[in-house]
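Okay, so here's the structure we're looking at.
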Amino acid sequence: MIENLLLGLNALMTPMALFAVTIGVIGGVVIGSLPGLTSTMGVALLVPLTFSMPPEAGLAMLGGIYLASTYSGSISAIILNIPGTPAAVATLLDGHPMSQRGETTRALALATFASSIGGMLSVIALLLLAPPLAELSLRFGSPEYFLLAVFGITVIASLSAGTMSKGLMAGAMGLLLSTIGSNPLTGELRFTFGLPSLYDGIPMVVSLIGLYSIPEVISMISKKTFVVPQADIGGRRSAFSYLGEVLARKGNVLRSSLIGIIVGIIPGVGCSVGGFLSYDAAKRASKTKEEFGKGSPDGVIASETANNAVTGGTLIPLLTLGIPGNPVTAVLLGGLMIHGLRPGADLFTTNADITYGFILSLLLANILFVPVGLIFARYCAKVIMVPREILAPCILAFAVIGAYSIRSSVDDILIMLAVGVVGFGFNYFAVPRAPLVLGLVLGTLAEGELARSLALVSGDVPAFLLQLLTRPICIILLILCAIALFQGVVQHRRNPHMLDS
């Protein structure tokens with residue numbers, strides 16, 4: 001191991017590799033902070049640039065983009081209440097309220113340091129535990145994925161603070177919207193209204209842009225609902241001084257990192273799910289549950305630690321088994337292939353210098369995006385001081401550009417506006433939007449895995465139920481679901497006023 005690390009360090013400590021990871025981090029911070037420009041898009045756009053680079057430099061650039069863009073989605077989430085990437089949806093639940101009460105610098109600093117720590121811990125896990133953890137991911141079949149999605153859906157109760165019935169309604173709407181598109185088993189089209197752009201369902205990034213940007217634009221235009229941010233009371237304090245605040249919450253950080261790493265190892269789950277699960281766990285463990293959703297630092301730290309910990313986790317099955325855990329790692333797999341590298345044992349032996357150089361570059365990227373992100377965020381924070389008459393049309397323009405850039409489709413702009421109208425209605429009637437997002441994300445996963453599970457038993461429902469009750473991981477997930485539901489019932493019985501608002 002030591003010999004391989006030295007080989008990797010030697011490969012990384014070249015001017016080309018260091019320059020590549022720096023450019024990747026800077027590009028990733030910019031890409032992630034702009035709604036609509038996802039990590040997948042950033043990595044895919046720059047893959048061609050790595051053709052002429054040495055493998056260690058090319059992979060370092062792609063890894064830097066991946067990590068930095070996952071983190072920087074929190075910048076627009078905190079400042080504008082618009083997640084730059086799906087990974088930052090859970091962050092805005094407490095990040096934006098902190099910004100509204102004048103703690104923009106603090107929220108951005110906490111998000112930056114938490115992301116860096118979570119990312120570094122996940123890279124260390126990748127370095128030390130890749131083979132055994134990858135083997136764990138092979139134990140997940142369709143029944144396990146289905147129950148994992150169901151467990152994630154139980155988080156809806158925690159995301160419905162003060163509005164239990166409305167939160168459940170929003171979650172149910174998200175599950176309903178997730179059924180739009182083709183049936184995962186039969187291919188039959190449902191609720192598409194003849195629009196080809198809906199054949200694959202509602203695009204996640206497009207829906208996030210509409211759900212969070214359009215209501216903000218309307219709120220800025222409406223004098224009755226627009227909230228003018230207070231002065232940044234942490235503006236004169238050095239952003240680096242908030243590192244101690246993150247380290248003081250070591251229980252939250254370690255728990256969130258572990259959740260993120262495990263979620264990352266399981267293919268197809270994603271950063272947003274890791275953020276929500278970690279947020280829910282932090283809320284359950286907190287002694288001040290009532291602060292969550294109103295600007296709790298623990299909420300920001302939990303979600304940002306987890307979503308960046310997912311990044312290292314997704315690389316474990318990729319490098320050891322060739323299984324991409326999400327769209328970004330699928331593109332990274334293409335990048336590996338382009339440079340003649342194939343996942344597996346040879347990657348850690350024959351090509352140890354390149355592989356360990358890549359892993360060490362990820363560690364460097366997690367360190368580099370701290371100063372880059374804080375400098376970039378300092379100027380982004382000035383956005384809240386721009387007059388709303390200027391800011392509102394700019395946000396709308398970016399939303400339209402972001403929605404169109406996903407698939408170069410005008411229909412996506414219309415979908416974005418339609419979802420935005422729904423988001424505005426949610427705001428008007430005080431319905432939380434996060435449960436809708438969670439229902440939309442996990443509904444697609446749950447339906448697909450349920451269809452595959454039933455197909456494997458030829459549609460025999462009793463046989464499927466027997467699998468859920470006899471497979472070890474399924475039993476563990478069922479117990480976790482029961483515990484989550486029980487805690488939700490107890491919590492709301494202790495606080496009857498939380499049932500409705």
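Heavy atoms only: backbone and side chains are in, while hydrogens, waters and symmetry mates are out.
The salt bridge (charged side-chain N to carboxylate O under 4.0 Å, His left out) contacts involving residues 186-197 comprise Arg190-Glu447, where partners must be two or more places apart or lie in separate chains. Contacts classified as ring-ring contact (aromatic ring centres under 6.0 Å, His included) and involving residues 84-118 (residues at least two apart or in different chains) are given here: Phe113-Phe240.
Between the CD1 atom in Ile261 and the CD1 atom in Ile316 there is a gap of 7.0 Å [rounded to 0.5 Å]. From Asn308, atom CG reaches atom CG of Leu121 across 11.0 Å, with rounding to the nearest 0.5 Å.
Evaluation of the salt bridge (Lys or Arg N to Asp or Glu O under 4.0 Å) rule for Arg255 yields no partner, not counting sequence neighbours. Scored by the side-chain hydrogen bond (donor to acceptor under 3.5 Å, both in side chains) test, Asp298 finds Arg249, Asn252 as partners (sequence neighbours excluded). Remark: Phe464 pairs with Phe146 by the ring pair (Phe, Tyr, Trp, His ring centres under 6.0 Å) rule, at least two apart or across chains. Applying the side-chain hydrogen bond (donor to acceptor under 3.5 Å, both in side chains) test to Ser303 and every residue at least two apart in sequence or in another chain returns Thr91.
Here the side chain of Ser122 pairs no donor or acceptor atom with the backbone of Gly313 at under 3.5 angstrom. For the pair Ser286 (side chain) and Ala282 (backbone), a donor-acceptor distance under 3.5 Å is absent. A donor-acceptor pair under 3.5 Å is formed between the side chain of Ser76 and the backbone N or O of Ile82. Under a 3.5 Å cut-off, the side chain of Asp94 and the backbone N or O of Ser296 do form a donor-acceptor pair. Ser115 places a side-chain N or O within 3.5 Å of a backbone atom of Ala111 that can act as its donor or acceptor partner. Using modelled atom types, no side-chain atom of Lys283 and backbone atom of Gly293 make a donor-acceptor pair closer than 3.5 Å. No donor-acceptor pair under 3.5 Å is formed between the side chain of Ser99 and the backbone N or O of Gly95. Although no hydrogens or angles enter the test, the distance criterion places no donor-acceptor pair under 3.5 Å between the side chain of Ser256 and the main chain of Val253.
Around atom OH of Tyr428, no more than 12 heavy atoms belonging to other residues, nucleotides or ligands sit under 6.0 Å away. Dense packing is recorded around CG of Asn183, with more than 12 heavy atoms of other residues, nucleotides or ligands lying under 6.0 Å away.
For the pair Phe429 and Lys166, the tightest heavy-atom approach, listed with the atom from each and the gap, is O-NZ, 3.0 Å. Taking each heavy atom of Gly439 and Leu175 in turn, the nearest pair found is O-CD2, 3.5 Å. Listed here is the closest heavy atom pair of Ser142 and Ser453: CB-OG, 3.1 Å. Here the closest heavy-atom approach between residue Leu148 and residue Leu477 is recorded as N-CD1, 3.9 Å. In terms of heavy atoms, Gly274 sits closest to Ile259 at O-CG2, 4.2 Å. Residues Cys474 and Pro143 approach most closely at SG-CB, 3.8 Å, considering heavy atoms.
Glu291 and Lys294 are not joined by a salt bridge, as no carboxylate oxygen comes within less than 4.0 angstrom of a charged side-chain nitrogen.
Taking the six-membered ring where tryptophan is involved, the planes of Tyr71 and Phe369 are essentially parallel, since the angle between them stays under 30° and well short of 60°.
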TODO: I would like to know whether Ile214 and Leu396 meet side-chain contact (heavy atoms from CB on, under 4.5 Å); could you show each step before the answer?
DONE: CA-CA 7 Å; Ile214 301 303; Leu396 182 59; 3.7 Å; yes

